[in-house]
Amino acid sequence: MEPKWPLYEVAGDDAVFALGVVSINYTRFERTHVWMLAAVANMAEEHAALFTARTNAADRANVIETFFKRKKWSAEVAAAIKTYIDATRILVTNRNTLIHGNMVRGPNNQAGIFSLNRKGETTMFQASLPEIRQVADDLFNYFEFGLALSNHIASEIHAAARVAGMMVVRNCPILPTIPVHINPSQRKL
């Protein structure tokens, strides 16, 4: 049996594991920024990738929104794109709050997180294990949604040339629920 690592306490093991899943799922979700920009702007994926590699997630959401507003969309697809953009802003904020915070074991064995905002103010707040897991699950759900939506737009609206192995989504995907924003200022300890 391998010895427990690390030998020092970081935070509760379950919260640390959940935070790792947040990190992994965020990286997957970030990939949908390329696909959604390519689909909404009707540009080649490699061009969208060049742009997204050089911008932060907030700017990516703004650019996708700019292209979205320049075209007429069916009500169903417009609602889906808007949901994706709105959720992206929340998911990025939630991920940054958790990943860039200093996690410790807090009261009642929950995760205590010291968060530094852009004004240089530190807030300690509490996040329950189910809340951290929900952020990870939301990221996963929006990865799947962004993948399906971008494929639907590319293949059904822009009639992208289909290649072997390409995923084709005939119907606009069902909208997932909008994630809950983790706001440290509302959770101060």
Side-chain angles (χ1 to χ4, degrees), residues 19 21-101 115-120 132 134-163 165-185:
L19 190 61
V21 176
V22 166
S23 180
I24 291 166
N25 285 351
Y26 181 78
T27 300
R28 290 176 179 155
F29 170 69
E30 250 188 333
R31 184 70 180 129
T32 68
H33 300 178
V34 173
W35 300 328
M36 284 296 293
L37 177 58
V40 173
N42 196 17
M43 68 171 65
E45 186 177 329
E46 57 268 15
H47 296 150
L50 285 171
F51 176 80
T52 58
R54 290 168 173 77
T55 57
N56 67 45
D59 289 341
R60 289 179 221 145
N62 292 338
V63 169
I64 293 168
E65 184 175 48
T66 297
F67 280 102
F68 162 64
K69 289 179 176 179
R70 291 181 180 221
K71 180 176 170 41
K72 291 275 188 194
W73 302 92
S74 71
E76 181 181 40
V77 172
I81 295 168
K82 183 167 180 0
T83 297
Y84 175 85
I85 293 166
D86 292 345
T88 294
R89 292 184 172 118
I90 295 168
L91 291 168
V92 168
T93 300
N94 285 351
R95 177 267 185 187
N96 289 346
T97 297
L98 293 174
I99 294 293
H100 294 294
S115 177
L116 180 66
N117 67 22
R118 294 204 178 260
K119 295 178 186 174
I132 298 168
Q134 187 62 57
V135 171
D137 291 345
D138 290 339
L139 287 161
F140 177 79
N141 292 337
Y142 272 90
F143 164 75
E144 289 191 326
F145 178 69
L147 173 61
L149 179 57
S150 62
N151 276 285
H152 173 71
I153 294 167
S155 61
E156 298 301 311
I157 295 172
H158 296 311
R162 298 191 177 144
V163 295
M166 178 180 176
M167 180 177 155
V168 176
V169 179
R170 297 236 181 258
N171 298 315
C172 187
I174 296 170
L175 303 181
T177 58
I178 292 288
V180 174
H181 177 210
I182 294 177
N183 186 341
S185 65

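Computed from a predicted model, the values in this text were never measured in an experiment. The first residue of the sequence shown is numbered 1, and numbering continues consecutively from there.
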**Closest approach of Cys172 to Glu76 (non-hydrogen atoms, all atoms of both residues)** = CB-CD, 3.5 Å
**Prompt:** Can you check whether Glu30 reaches Thr52 side chain to side chain, under 4.5 Å on heavy atoms?
**Reply:** no
**Message:** Testing the basics here: between Thr93 and His181, what is the closest heavy-atom pair and its distance to 0.1 Å?
**Reply:** CG2-NE2, 3.3 Å
**Asked** Stepwise, does the side-chain contact (heavy atoms from CB on, under 4.5 Å) test hold for Thr83 with Tyr142?
**Response** CA-CA 10 Å; Thr83 297; Tyr142 272 90; 3.4 Å; yes
**Request:** Report yes or no: does Arg31 contribute a side-chain atom to a donor-acceptor pair with the main-chain N or O of Thr27 at less than 3.5 Å?
**Result:** no
**Prompt:** To the nearest 0.5 Å, what is the distance between OG1 (Thr32) and CD (Glu144)?
**Reply:** 11.5 Å
**Complete:** In short, Ser23 meets Ile99 closest at the heavy-atom pair CB-CD1, 4.0 Å
**Request:** Quick one: closest heavy-atom pair of Leu147 and Ser150, and the distance?
**Result:** O-OG, 3.1 Å
**Prompt:** CZ of Arg70 to CG of Asn42: how many Å apart, nearest 0.5 Å?
**Reply:** 14.5 Å
**Prompt:** What closest approach, in Å, do Ala39 and Ala154 show between heavy atoms, and which atom pair accounts for it?
**Reply:** CB-N, 4.3 Å
**Request:** Quick one: do Thr97 and Val135 satisfy side-chain contact (heavy atoms from CB on, under 4.5 Å)? Show the steps, please.
**Result:** CA-CA 11 Å; Thr97 297; Val135 171; over 6 Å; no
**Minimum heavy-atom distance between Ala136 and Val21, given as atom pair plus value** = CB-CG1, 3.7 Å
**Prompt:** If only atom types and distance count, is the side chain of Trp73 paired as donor or acceptor with the main-chain N or O of Phe68 below 3.5 Å?
**Reply:** yes
**Message:** Given the ring of Tyr26, does Arg95 sit roughly above its face, with NZ or CZ under 6.0 Å from the centre of the six-membered ring and within 45° of the axis?
**Reply:** yes
**Prompt:** When the ring planes of Phe29 and Tyr84 are compared, do they come out parallel, tilted or perpendicular, using 30° and 60° as the limits?
**Reply:** tilted
**Prompt:** If you measure from CH2 on Trp35 to CD1 on Ile64, what distance do you get to the nearest 0.5 Å?
**Reply:** 12.5 Å
**Item:** side-chain contact (heavy atoms from CB on, under 4.5 Å) between Phe51 and Met43, worked out
**Value:** CA-CA 11 Å; Phe51 176 80; Met43 68 171 65; 5.9 Å; no
**Prompt:** Can you tell me how far CD1 of Ile178 sits from CG of Leu91, rounded to the nearest 0.5 angstrom?
**Reply:** 8.5 Å
**Request:** Using atom types as modelled and distance alone, determine if a side-chain donor or acceptor of Arg28 lies under 3.5 Å from a backbone N or O of Phe140.
**Result:** no
**Message:** Donor-acceptor check, side chain of Asn25 to backbone of Asp137, threshold 3.5 angstrom: yes or no?
**Reply:** no
**Asked** Hey, what do you get for CD1 (Ile182) to CG (Asn96), rounding to the nearest 0.5 Å?
**Response** 11.5 Å
**Request:** For Arg60 and Leu37, run side-chain contact (heavy atoms from CB on, under 4.5 Å): C-alpha distance rounded to whole Å, both residues' side-chain angles, the deciding distance at 0.1 Å, then the answer.
**Result:** CA-CA 8 Å; Arg60 289 179 221 145; Leu37 177 58; over 6 Å; no
**Asked** What's the spacing between Ile85 CD1 and His33 NE2 if we round to 0.5 Å?
**Response** 10.5 Å
**Asked** Taking only residues two or more places apart in sequence or in another chain, which ones pass salt bridge (charged side-chain N to carboxylate O under 4.0 Å, His left out) with Lys71?
**Response** none
